[in-house]
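The chains referred to below are lettered A, B, ... by the order of the sequence lines, with proteins before strands, and numbering in each begins at 1.
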2 protein chains.
Amino acid sequence: MTAVFDGLPARADQAAAFLKGLASPHRLLILCALAQGERNVSTLIAETGMAPTSMSQHLAKLKDEGVIDVRRDHRTLTYFIVHPAAVQVMDVLHAHFCGSLQAD
Amino acid sequence: MTAVFDGLPARADQAAAFLKGLASPHRLLILCALAQGERNVSTLIAETGMAPTSMSQHLAKLKDEGVIDVRRDHRTLTYFIVHPAAVQVMDVLHAHFCGSLQAD
DNA sequence: TTTTCAATTTCGATATTTATGATATGATCG
DNA sequence: CGATCATATCATAAATATCGAAATTGAAAA
């Protein structure tokens, strides 16, 4: 009986940390943009209307969590999604909160 | 350019609130159990080892968010998952954090 | 109707998250 | 080298989430 969930708590911690990484309106907006293709920080700021500091912090969090990664192009930093589960979660969210035939 | 994300912020808020509802190790443990079938509170407490107060609070949160619902059976309350997106997210998490051929 | 059992609500302490302003880094252009 | 542009880091305050203990509800058994 105590064995029913053996090992689960550890995985639950990981999974919860991953979900927390996505669970913010700002970060979802960022991921929504990145889902359409990689973007540099200035572009993300322009598209989302977020403050630069806030953007940096959210990008850092997503990067720490392994959801996105960066590449340096000349003077700008280009971010892109790298976590497969993140893409799948975004798909689920899109289907449920944005309808199925929306252009966005 | 300001129109690129028209209407998105509102949906991002909803989606983020939904994700926040799931984003806790305790609540994932609860949902893991409920994914295998409905359960009453005592059973959930026994299976997860959580304190009763904590269990109630997490169940309340999941219910507020529309993820689960309750039914009263004689003297006990039986909870079950009702949100389709929650099931899908759990599937994604399971595939990525628990491997694909685990009994759990 | 009194007791009992299952579960919830309330409350206060602690921890985590978030936003914001100021400062710092680091690559490039002149 | 010195200025500048893109972005990150630091510091702190405000908001939010979490946990445990004690008290409460509400249905049913006696």
List the atom of Leu28(A), the atom of Ala16(B), and the distance in Å for their closest heavy-atom pair. CD1-N, 3.4 Å
Rounded to the nearest angstrom, tell me the gap between atom CG in Leu19(B) and atom C1' in dA17(D). 16 Å
At 4.0 Å (heavy atoms only), tell me whether Thr53(B) reaches a base, stays on the sugar-phosphate, or touches nothing. base
Within this structure, what is the CZ-to-P distance between Arg71(A) and dA6(D), rounded to whole angstrom? 18 Å
Establish, with yes or no, whether the OP1 or OP2 oxygen of dT8(C) is under 4.0 angstrom from a side-chain nitrogen or oxygen of Tyr79(B). yes
Let me know the distance between CG of Leu59(A) and C1' of dT18(C), rounded to the nearest Å. 15 Å
Phosphate OP1/OP2 of dA6(C) contacted by Thr76(B) side-chain N/O (<4.0 Å): no
Salt bridge between Lys20(A) and Glu65(A), side-chain N to carboxylate O under 4.0 Å? no
Flag the pair Phe18(B) / His83(B) as yes when their ring centroid distance falls below 6.0 Å, and as no otherwise. yes
Between CD of Glu65(B) and P of dT16(D) the distance, given in whole Å, is 15 Å
Closest approach to the side chain of His58(B), judged atom by atom: which nucleotide of dC19(D), dT18(D), dA19(C) is it? dC19(D)
Spell out, as yes or no, whether a donor-acceptor pair under 3.5 Å connects the side chain of Arg27(A) to the backbone of Gly21(A). yes
Arg39(B) side chain to Gly37(B) backbone, donor-acceptor under 3.5 Å: yes
Atom CG of Asp64(B) to atom P of dT18(D): distance rounded to whole Å? 13 Å
With the side chain defined as heavy atoms from C-beta on, Ser56(A) is closest, among dT8(C), dA8(D), dG20(D), to dA8(D)
Where the side chain of Asn40(B) is defined as all heavy atoms beyond and including C-beta, which of dA7(C), dT20(C), dT9(C) is the nearest nucleotide? dA7(C)
Separation of Leu62(B) atom CG from dA7(C) atom P, in whole Å? 16 Å
Between Gln57(B) (CD) and dG12(C) (P), how many Å, whole number? 15 Å
In whole Å, I'd like the distance from the CE atom of Met55(A) to the P atom of dT20(C). 13 Å
Looking at dT8(C), dT9(C), dA8(D), which one has an atom nearest to any side-chain atom of Ala60(B)? dT9(C)
N/O to N/O distances under 3.5 Å, protein versus nucleotides 23-30 of chain C:
residue	atom	partner	partner atom	Å
dT28(C)	OP1	His74(A)	O	3.3

Ignoring backbone atoms, test whether Lys61(B) places a side-chain nitrogen or oxygen under 4.0 Å from the OP1 or OP2 oxygen of dT18(D). yes
With nearest nucleotide decided by heavy atoms, which residue, Ala51(A) or Lys20(A), maps closer to the 5′ end of DNA chain C? Lys20(A)
In Val67(A), Ile68(A), Val82(A), the residue satisfying side-chain contact (heavy atoms from CB on, under 4.5 Å) with Leu34(A) is Ile68(A)
Decide whether Asn40(B) and Thr78(B) meet the rule of one side-chain donor and one side-chain acceptor closer than 3.5 Å. no
